[in-house]
2 protein chains.
Amino acid sequence: MADPQARLEQMLARLKACNFRLTPQRLAVVKILAASVDHPGVERIYDQVKEVFPTTSLATIYKTVALLKELNEVLEIRFSESSRFDGNKPYPHPHVICLKCKKILDPELAGIEKLTQEASHRTGFRIVNHRLDFIGICPECQTQE
Amino acid sequence: MADPQARLEQMLARLKACNFRLTPQRLAVVKILAASVDHPGVERIYDQVKEVFPTTSLATIYKTVALLKELNEVLEIRFSESSRFDGNKPYPHPHVICLKCKKILDPELAGIEKLTQEASHRTGFRIVNHRLDFIGICPECQTQE
DNA sequence: TATTTATAAAGAGTAATTATCAATAAAAAA
DNA sequence: TTTTTTATTGATAATTACTCTTTATAAATA
């Protein structure tokens, strides 16, 4: 995991460099994402922000997250049902996702660069991004079966 | 690519074996999926079926595709915007997706089994599925930039 | 033929997300 | 500091992909 403090400063610096205003609501969202290891969804972020700023609108969360994604400071992991976000490692990396509890982990895996090159070579595509998800059952949920 | 005729027969056999009726609408959908190399979405399938059976409902396409997925005869590739389907290779395999024209290709890549084992080993997950998409620009769209 | 059962069509309903816009507040200018 | 400018917020409406419900229809079976 990247250092949350460093991530926070990096994200704030990026916002400032692009002349986006730092509002209290924005700061709250950025803080949550910089320290996120559990890939929260908008609803989770919303709940946390509302503890500090109760009048915050869900639309503000959506807009802030979209802005940070635009600035390449968060990674969006889209599912058909909803999205989850990673502000701590805002670049493509493999995920392991539990079907039951929806937990998402970031395993350290080698060899994806090689696969990417192979895909590019075989298809002629210029590859700019990738997504690698393993879907299964986590150890905790396995014991509850 | 698997032989479309063989895939068609396999899919029809599976429907019959499970005592599902072979209606004209269903047959039309199955035919399209068995021969699909371009990973069509529901809307595309719908348009093609309507050419033969103009009164067909979109819900029928959704239901037929869901049924075939249930029987493991099609692979659903979910995107947040919509789903695409593969009735020709109905098992997990890597995709290369063009950002511009939304074309989807199936490159032959080795080494995914090894990655899966590594992910399982590192996290303790029981992996039952995976998804590997490379996103980029296809050769045709590269020339139009 | 009568009856049961699976399936189709139509359209209302759902949930996540996006768009709209008046009100507000942060930054810039005076 | 005060004023002005303009980005941002918050409430809500609109959108969109998809699902559910109901009713109608057609096939299988007795």
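Predicted model only: the values in this text are computed from it and were never measured. Each chain gets a letter, A, B and so on, in the order the sequences are listed, and its residues count up from 1.
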Query raised in the report: Closer to the 5' end of DNA chain C via nearest nucleotide, is it Ser83(A) or Leu22(B)?
Result: Leu22(B)
Query raised in the report: Starting at CZ of Arg21(B) and ending at P of dA27(D), how long is that distance when rounded to a whole Å?
Result: 9 Å
Query raised in the report: Per the side-chain contact (heavy atoms from CB on, under 4.5 Å) rule, which among Leu105(B), Ile97(B), Ile77(B) passes with His39(B)?
Result: Ile77(B)
Report task. State whether Thr60(B) places a side-chain N or O below 4.0 Å from either non-bridging phosphate oxygen (OP1 or OP2) of dA9(C). Result -> yes
Requested in this report: Determine whether more than 12 heavy atoms belonging to other residues, nucleotides or ligands lie under 6.0 Å from atom CD of Glu140(A).
Outcome: yes
Requested in this report: Measure from CG on Leu27(B) to C1' on dT7(C) and round the result to the nearest Å.
Outcome: 15 Å
Query raised in the report: For the residue pair Val74(A) and Gly87(A), what are the closest heavy atoms and their distance?
Result: CG1-CA, 3.8 Å
Requested in this report: Write down the distance between NZ (Lys63(A)) and P (dT12(D)), rounded to a whole number of angstrom.
Outcome: 14 Å
Query raised in the report: Whole Å only: how far is the CZ atom of Arg84(B) from the C1' atom of dA17(D)?
Result: 15 Å
Query raised in the report: Which whole-number value in Å describes the distance from Asn19(B) CG to dA27(D) P?
Result: 17 Å
Query raised in the report: Between Ser82(B) and Leu67(A), which has a closest nucleotide on DNA chain D that is more 5'?
Result: Leu67(A)
Query raised in the report: Is there a side-chain contact between Phe85(B) and Val42(B) (heavy atoms, below 4.5 Å)?
Result: yes
**Report entry** dT8(D) phosphate, OP1 or OP2, under 4.0 Å from Thr23(A) side-chain N/O
**Finding:** no
Query raised in the report: Ser57(B) side chain: which of dT9(D), dA9(C), dT17(C) is closest?
Result: dA9(C)
Query raised in the report: To the nearest angstrom, how far is Ile61(A) atom CD1 from dT17(C) atom P?
Result: 13 Å
Report task. From the options dA17(D), dG11(C), dT18(C), select the nucleotide whose nearest atom is closest to the side chain of Tyr62(B). Result -> dA17(D)
Query raised in the report: Do the side-chain N and O atoms of Ser83(A) and Glu76(A) include a donor-acceptor pair separated by under 3.5 angstrom?
Result: yes
Query - Transitive ILVMFWY side-chain link Leu27(A) to Val29(A), under 4.5 Å - result: yes
Query raised in the report: What integer distance in Å separates Phe53(B):CZ from dT25(D):C1'?
Result: 15 Å
Report task. Between dT20(C), dA26(C), dA8(C), spot the one nearest the side chain of Arg26(B), thanks. Result -> dA8(C)
Query raised in the report: For DNA chain C, what residues of residues 73-81 of chain A have any heavy atom nearer than 4.0 Å?
Result: Arg78(A), Glu81(A)
Report task. Taking all heavy atoms of Thr116(A) and all of His130(A), pick out the closest pair and write down the distance. Result -> OG1-ND1, 4.2 Å
Query raised in the report: Rounded to the Å, how far apart are Gln25(B) CD and dA24(D) C1'?
Result: 13 Å
